[in-house]
Amino acid sequence: MTTRAEHIATLRPRYQRDLASGTERFFDPRRETCPWCESSRLRERLRTTDLLQHKPGTFVIDRCLTCGHHFQNPRLNEQGLEFYYRDCYDGLGRESAERLLGSSRSKQRHLVAAESMRPFVDPERWLDVGTGYGYFPEAARQVFPKTAFHGLDQGEGVTFAETEGRIDQALRGMFTDMAPSLAGRYDVVSMHHYLEHTPDPRAELRAVHTALTPGGLLQIEVPDPESVYSRALGRWWLPWFQPQHLNMMPCRNLRQALDDAGFTVMEVERAVAHRPVDLAAAVGLLLSHVLPRDDAPWHPRPPSATARRVRKLLWTSGLPAVMAAYALDRAFDPVARRTSFSNAYRLLARRN
């Protein structure tokens with residue numbers, strides 16, 4: 001059986017070829033206007049590196065001073081998206097992604113999100129866009145056992161989700177491309193922490209309008225770039241999630257976009273969408289940033305034995321700080337959920 005180190009060694013030549021000419025080719029030209037409202041009043045909100053996988057590159061989030069939209073600028077192009085997503089949710093990163101996405105706490109959040117839909121609909125067919133490994137449909141089936149759940153994603157996880165029985169049908173590809181073939185098929189579409197990953201969120205909303213039956217429901221959950229935590233923690237705020245989050249919309253912008261796309265917003269929830277991990281994640285990201293690098297194929301060579309020992313020692317020594325920060329997250333959770341500290345919001349909208 002191939003070890004992780006051997007797997008990394010087989011991947012390293014391709015990554016080193018990809019990086020031989022630098023990372024500039026992974027980006028589109030920098031925009032001078034906001035992609036949401038076309039205003040030229042832009043201000044840099046933060047500049048950061050990849051704090052999650054530690055792949056090479058520098059990423060900038062700009063804020064529009066006119067409408068408040070936040071966006072990656074310059075934005076990753078198709079090559080860049082492929083490079084930075086590679087081995088994050090599948091391949092080398094599959095095990096850690098499944099462990100995180102399939103945790104008991106994540107499953108409980110999914111169950112609460114599905115339960116919130118019970119007063120509004122008894123759907124025949126439900127499409128979960130950006131389903132990953134299908135953990136949300138798996139939880140939602142407990143609330144709606146007679147519903148057929150379909151999952152759509154670009155990664156291999158959606159196929160695995162169908163094989164494992166978490167969804168009834170896997171759809172692999174880009175939602176905006178596939179929407180015409182899905183016209184009017186679904187009573188509910190859900191997008192949980194998906195929209196911020198997309199190059200054109202408004203095109204995604206139009207695709208939802210196509211896929212839904214008249215009167216069908218859309219449930220969206222996204223991070224809130226206006227959270228107090230986003231300012232207090234700066235680049236260490238986990239929901240910036242660079243380089244994967246391309247667009248981050250204040251709630252008022254997304255509400256207007258839904259109205260423009262032919263939806264009526266029925267509910268806005270912040271308390272239930274908040275995830276109490278901001279402080280712990282910030283400490284964890286900082287600790288990971290200062291530690292000697294772990295082995296990965298995008299690094300030119302494996303770390304030395306000494307570097308491995310130092311990393312293990314420092315990580316073990318830093319864990320109490322992460323746990324202490326998490327205890328603060330939990331203690332402050334009741335306040336954060338009901339104030340502008342809330343790090344996400346959830347919208348429920350009906351197709352007109």
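What you see below is based on every heavy atom in this structure, not just the backbone, and it leaves out hydrogens, waters and symmetry mates. Numbers here simply count residues along the sequence, with the first being 1.
Classification of the F136-H192 ring pair by plane angle, with boundaries at 30° and 60°, yields perpendicular. Aromatic ring orientation, H274 versus Y229: parallel (interplanar angle below 30°, classes split at 30° and 60°). Between F341 and F332, the ring planes are perpendicular. Angles over 60° get that label, and only those under 30° would be called parallel. Using the six-membered ring where Trp is involved, Y135 and Y133 have ring planes that are tilted, between 30° and 60° apart. Aromatic ring pairs are classed by plane angle as parallel below 30°, tilted from 30° to 60° and perpendicular above 60°; the pair Y85 and H197 is tilted.
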Task: Trace of the side-chain contact (heavy atoms from CB on, under 4.5 Å) decision for Q256 with D259 - done: CA-CA 5 Å; Q256 182 61 54; D259 184 65; 3.8 Å; yes
TODO: Step by step, work out the salt bridge (charged side-chain N to carboxylate O under 4.0 Å, His left out) result for R12 and D295.
DONE: CA-CA 10 Å; R12 182 168 278 116; D295 195 8; 2.7 Å; yes
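The two atoms that bring R141 and G165 nearest to each other are NH2-O, 3.8 Å, heavy atoms only. Smallest separation of non-hydrogen atoms from Q72 and P243: NE2-O, 2.9 Å.
Side-chain N/O atoms of S190 and D128 include a donor and acceptor closer than 3.5 Å. Judged by distance alone, the side chains of T264 and N352 do bring a donor and an acceptor atom under 3.5 Å apart. No hydrogens or angles considered: a donor-acceptor pair under 3.5 Å links the side chains of S106 and R109. In this model, a donor atom of one side chain and an acceptor atom of the other lie less than 3.5 Å apart for Y194 and E204.
Taking CD of E6 as the start and CD1 of I8 as the end, the distance is 10.5 Å to the nearest 0.5 Å. Here the straight-line distance linking atom OG1 of T198 with atom CG of L246 works out to 7.0 Å at 0.5 Å rounding.
In terms of hydrophobic clustering, with Ile, Leu, Val, Met, Phe, Trp and Tyr side chains grouped at heavy-atom distances under 4.5 Å, M191 and L348 are assigned to different clusters.
At least one donor-acceptor pair under 3.5 Å links the side chain of N73 to the backbone N or O of R31.
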